[in-house]
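Worksheet for the structure shown next.
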Amino acid sequence: MTVEISDSRLTNSLADGCGEILKGVRNGGLLRGLALGDAGDEAAQEWISRVLEQHRPKDGVLSEEAADDLSRLKKDRVWIIDPLDGTKEFATGRQDWAVHIALVENGTPIHAAVGMPDMGVTFKSSDVRAVTGPLSKKFVVSRNRPPKVADYVAEKMSFETVGVGSAGAKAIHVLLGDYDGYIHAGGQYEWDQAAPVGVALAAGLHCSRLDGSPIKFNNEDTFIPDLLICRPELAEEILEHAAAYAEANGGY
């Protein structure tokens, strides 16, 4: 008999457990590089799949590490997952990798967790609040693909940009007050954004596309071109500068 578990607790437990599995795969130093990243992805995905099959067999699932049969499009409730966001960072010993678990209902995250295993903490929509206080005057951007629109916005606002790995890590740094916003262009997928957006919204941060439109999840096409997560008092100004950049350059 399966023990009844709430959606919130299941979300949080998946993120916590996945982080422990990934750290276990990495411990001992027996695997390196691509082999380590692949082993982590596979082990975490297999465990998550078995947990959801047992506890939420009727829900849909979208995961970076599993085939998408599109049956999820007929379901109101869908788990959107990235077992290891920042595989390169994980495999090279960096700390800016994350675990993304989100339960989306009718396109909106209702429960989300972003695990930061090397920090020893999981940020959960059930209990999270953004840090307030003085501005850092910094935006966090992709370490590998920093978007030009972020540099433009930063220059207009007299901010600087700093590159960090995982999308989840970048969102959490905004939540913690290390940076005032996360600006992304150049494309991501739903599993990159669902959990960070769910946690950020629960924390009181602004989340949208760079044109200001809301982000809806569980689409047939899982590609999302851009993202803004920021302190709410900065959203209007950032979006205005982003719009000016798009108009001048034919897009972001």
Item to check | Partners passing ring pair (Phe, Tyr, Trp, His ring centres under 6.0 Å) against H173 (at least two apart in sequence or in another chain) | outcome: Y179

Checklist entry - Among pairs that include at least one residue of residues 191-218, which meet salt bridge (Lys or Arg N to Asp or Glu O under 4.0 Å), considering only residues two or more places apart or in two chains? => result R209-D226

Next on the checklist: Testing the 3.5 Å rule here: is there a donor-acceptor pair between the side chains of E190 and N219?
Outcome noted: yes

Next on the checklist: Restricting to ring pair (Phe, Tyr, Trp, His ring centres under 6.0 Å), what partner residues turn up for Y152, sequence neighbours left out?
Outcome noted: Y245

Checklist entry - Do any pairs count as a salt bridge (Lys or Arg N to Asp or Glu O under 4.0 Å) and have a residue in residues 127-139, sequence neighbours left out, and if so which ones? => result none

Checklist entry - For D38, which residues count as a side-chain hydrogen bond (donor to acceptor under 3.5 Å, both in side chains) partner, sequence neighbours excluded? => result none

Checklist entry - R145: what forms a salt bridge (charged side-chain N to carboxylate O under 4.0 Å, His left out) with it, not counting sequence neighbours? => result none

Checklist entry - Listed by chain and number, what are the salt bridge (charged side-chain N to carboxylate O under 4.0 Å, His left out) partners of D118, not counting sequence neighbours? => result R26

Checklist outcome for this item: Grouping ILVMFWY residues whenever side-chain heavy atoms fall under 4.5 Å, the cluster of I21 otherwise contains I5, L10, L14, L22, V25, L31, L36, W47, I48, V51, L52, V61, W79, I81, L84, F90, W97, V99, I101, L103, I110

Item to check | Partner residues of L239 under the side-chain contact (heavy atoms from CB on, under 4.5 Å) criterion, sequence neighbours left out | outcome: H206, S208, L228

Next on the checklist: Under 4.0 Å between a side-chain nitrogen and a carboxylate oxygen: does that hold for E89 and R143?
Outcome noted: yes

Next on the checklist: Test of understanding: with ring pair (Phe, Tyr, Trp, His ring centres under 6.0 Å), list the residues that count as partners of Y182, not counting sequence neighbours.
Outcome noted: none

Checklist entry - In chain order, what residues pass the side-chain hydrogen bond (donor to acceptor under 3.5 Å, both in side chains) check against E46, with sequence neighbours excluded? => result R50

Next on the checklist: Less than 3.5 Å apart, any donor N or O on the side chain of S166 or D85 sitting next to an acceptor on the other?
Outcome noted: yes

Item to check | With sequence neighbours excluded, residues passing salt bridge (charged side-chain N to carboxylate O under 4.0 Å, His left out) with E160 | outcome: none

